[in-house]
Q: 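Input: one structure, supplied below.
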Amino acid sequence: MSSNLNGPQVLLCVNGGIAAYKAVEVLRLLQKADCKVRVASTEDGLRFVGAATWEGLTHQSVASSLYGWTESAIPHIMLSEWADVVLVCPATANTMAKMAAGIADDLVSTTLLAVPRTTPVVVAPAMNVNMWQAAPTQVNVRTLRERGVRFVMPVEGRLACDAVGEGKLASVDQIARAVLDAAGSRASSRTMAGRSVVVTAGPTHEAIDPVRYIANASSGKMGYAIAAEAARRGARTVLVSGPTALEAPVGVERVDVVSAAQMHEATLRAFEGADVAICAAAVADYTPAHPADHKLKKAHEHLDTIELKETKDILAELGRRKSQDGRARVVVGFAAETNDLVANAQAKLERKGCDLVVANDVTRSDSGFGSATNHVTLVSAAGIRELPTLAKEEVAVHLLDEVERLLKRG
Ligand code: PMT
């Protein structure tokens, strides 16, 4: 197996069909081309090519069930985030129907549903001619293509059922080439290898007493998407996270914190020796000045006024420290705004010594706290660039492209 750690990571999803044996050849071609390949198989797929074959070739266990996999308790998330490219080969009519409808009822279909939008998916179908030409199959193929799924279309020939017609798996060379094409951008985009990135994410909790706290509605999604993208580009990535319900992205070192003070300390420590800091966390600006060490009693202790004190501004401190050791470092802040978006972001850019501020419109339902999408404007000394409403994963791609430009500029 290839030991080139910089090659693209391909997740091969095998379905139950006679053409599964040809997926073995595709895997070999991909390995020869320096890809790291992992295999996930449906139970039916394993009837055609057994786990021993895949494990012998990849030196890794095959994932075939959502439960009991030795490598991860949540295999569908681990595998979908690990992959630079996903290949479904051979793809059955059943799996394509599940992909089109969003059905997740086994490991492979659940993994396919969890694939980030920015990860290319290549599908190589193989089946009986009537099943291929059936109206539901053709509708599903069209739907998936419209969503950006790449197809290596089946060809005409003698099929396993002895029928002659369309439905034969495309050549293994063609399939491997399609995967390498899809991986091209990813493979050459390990552009942050050797860099070190710190990302803050999520809310902070500021204790009033042992059971009450001041918090906000940040889910952590934006910061986690940035950390995942930085890691995918090969950067050593530390994610300083306030309390969230999210899993740490693959390849990211997560440091869990609760309060603004803890986030301040952990972020500054992680920033020593780092090239980039991106502050997407919604850090409390104020914290109770005298948190009680016992649960306050409504009847005889005052809960109507809580004395607050200002927290330390992490971003401003990073802005001050970024040029201390003479290295070119990039500091990025977010600005969650309800009005005067760009003007407020420009003021923050200057006041906090940032290279870039992501002005975040938090008045829209498709943007800001908790949503899957975000509507942002990138504000830097070089200018202002408003992005359309995008999945947070896609915002992360644009943001890191900009960070890389700033790093090059030095
Ligand atoms: O987590 P999600 O649900 O995905 O939502 C994403 C988000 C809306 C939280 C995120 O996109 C965002 O806008 N984060 C910044 C929220 C915020 O607190 O903005 P602010 O304008 O109050 O702070 C400005 C900047 O200073 C931010 O980069 C913040 O991380 C930083 N800050 C603020 C206070 C403080 N004490 N220290 C800081 O570093």
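Residues: numbered from 1 along the sequence shown. For ligands, and for the atoms within them, numbers begin at 1 and follow the listed sequence. Just so you know, these numbers use all the heavy atoms, side chains as well, and skip hydrogens, waters and symmetry mates. Not measured: the values here are computed from a predicted model.
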Q: In plain terms, say whether K322 and D355 are close enough for a salt bridge, that is, a side-chain N and a carboxylate O under 4.0 Å apart.
A: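 Salt bridge present between K322 and D355.
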Q: Report yes or no: do R364 and T389 form a side-chain donor-acceptor pair below 3.5 Å?
A: yes
Q: Pick one of side chain, backbone, both or neither for how S218 approaches ligand 1, counting any non-hydrogen atom pair under 4.0 Å.
A: both
Q: For ligand 1, which atoms sit closer than 4.0 Å to a heavy atom of G370?
A: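 Once the distances to G370 are compared, the set is 2 (P), 3 (O).
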Q: Going by the side-chain contact (heavy atoms from CB on, under 4.5 Å) test, name the single residue among V276, V240, L239, T267 that passes it with V199.
A: L239
Q: Side chains of Y213 and S259: donor-acceptor distance under 3.5 Å anywhere?
A: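 The answer is no; no qualifying pair exists.
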Q: Give a yes or no on whether a salt bridge exists between R142 and E146, defined as a side-chain N under 4.0 angstrom from a carboxylate O.
A: no
Q: What's the shortest distance from atom 2 (P) of ligand 1 to any protein heavy atom, and which residue and atom give it?
A: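 Going by distance alone, atom 2 (P) of ligand 1 is nearest to S219 OG, 3.4 Å.
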Q: Considering both backbone and side-chain atoms of A282, is one of its nitrogen or oxygen atoms within less than 3.5 Å of a nitrogen or oxygen in ligand 1?
A: no
Q: I'd like the name of whichever of E310, K348, K221, K312 reaches closest to atom 36 (N) of ligand 1 through any heavy atom.
A: K312
Q: Closest non-hydrogen protein atom to atom 19 (O) of ligand 1, residue and atom name please, with distance?
A: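 Result for atom 19 (O) of ligand 1: A336 N, 3.4 Å.
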Q: For atom 14 (N) of ligand 1, what's the nearest protein heavy atom and its distance?
A: A280 O, 3.0 Å
Q: When you compare the side chain of V14 with that of W54, does any pair of heavy atoms fall below 4.5 Å?
A: yes
Q: Give a yes or no on whether a salt bridge exists between E393 and R232, defined as a side-chain N under 4.0 angstrom from a carboxylate O.
A: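 Looking at E393 and R232, the cut-off is not met.
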Q: Among T200, T287, D285, D313, which one puts a heavy atom closest to atom 38 (C) of ligand 1?
A: D313
Q: Tell me: protein heavy atom nearest atom 26 (O) of ligand 1, and distance?
A: K352 NZ, 3.0 Å
Q: Taking the basic N atoms (NZ, or NE/NH1/NH2) and the acidic carboxylate oxygens, is any pair closer than 4.0 Å for K22 and E25?
A: no
Q: Strictly below 4.0 Å, N to O, side chains only: are E272 and R321 in salt-bridge contact?
A: no
Q: So is H264 in contact with ligand 1, going by heavy-atom distances below 4.0 Å?
A: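 Under 4.0 Å: no for H264.
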Q: For ligand 1, which atoms have a heavy atom of C279 less than 4.0 angstrom away?
A: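 Close to C279: 27 (C), 28 (O), 30 (O).
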Q: Considering only protein heavy atoms, which is closest to atom 5 (O) of ligand 1, and at what distance to one decimal place?
A: G368 O, 3.4 Å
Q: Does any N or O atom in M222 lie less than 3.5 angstrom from one in ligand 1, N or O only?
A: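 So ligand 1 has an N or O lying under 3.5 Å from an N or O of M222.
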Q: What's the shortest distance from atom 23 (O) of ligand 1 to any protein heavy atom, and which residue and atom give it?
A: F334 O, 3.9 Å
Q: Should the pair R233-D401 be classified as a salt bridge under the 4.0 Å nitrogen-to-oxygen rule?
A: yes
Q: Is the closest heavy atom of A260 to ligand 1 under 4.0 Å?
A: no
Q: Of all the atoms in ligand 1, which lie at a distance below 4.0 Å from a heavy atom belonging to K392?
A: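 Atoms satisfying the 4.0 Å criterion: 2 (P), 3 (O), 4 (O), 5 (O).
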Q: Does ligand 1 have a heavy atom under 4.0 Å from the side chain of N360, from its backbone, from both, or from neither?
A: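 Side chain only; the backbone of N360 stays clear of ligand 1.
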Q: Below 4.0 angstrom, N of the basic side chain to O of the carboxylate: do D84 and R190 qualify?
A: yes
Q: Among all protein heavy atoms, pick out the one at the shortest distance from atom 31 (C) of ligand 1; state its residue, atom name and that distance to 0.1 Å.
A: L315 CB, 3.9 Å
Q: Any idea which part of A284 is under 4.0 Å from ligand 1, heavy-atom wise: side chain, backbone, both or neither?
A: backbone
Q: For a quick check under 3.5 Å, do Q174 and R177 share a side-chain donor-acceptor pair by atom type?
A: no
Q: Is the side chain of N128 donor-acceptor paired with the backbone N or O of N130 at a distance under 3.5 Å, no angle test?
A: yes
Q: Contact between Y286 and E206 at the side-chain level, heavy atoms closer than 4.5 Å - yes or no?
A: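 In short, these two side chains do not touch, never coming nearer than 4.5 Å.
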Q: Between T311 and ligand 1, is there a nitrogen or oxygen pair with a distance under 3.5 Å?
A: yes
Q: Is any N or O atom of A217, backbone or side chain, closer than 3.5 Å to an N or O atom of ligand 1?
A: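 Between A217 and ligand 1, no N or O pair is found under 3.5 Å apart.
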Q: Taking distance alone, with N or O pairs closer than 3.5 Å, would you say G202 contacts ligand 1?
A: no
Q: Check ligand 1 against G333 and write out every atom of the ligand that is under 4.0 Å from a heavy-atom position of the residue.
A: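 Taking each heavy atom of G333 in turn, ligand 1 has 28 (O) under 4.0 Å.
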Q: What residue and atom, counting heavy atoms only, is the protein's closest point to atom 29 (C) of ligand 1, and at what distance?
A: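 Going by distance alone, atom 29 (C) of ligand 1 is nearest to A281 O, 3.4 Å.
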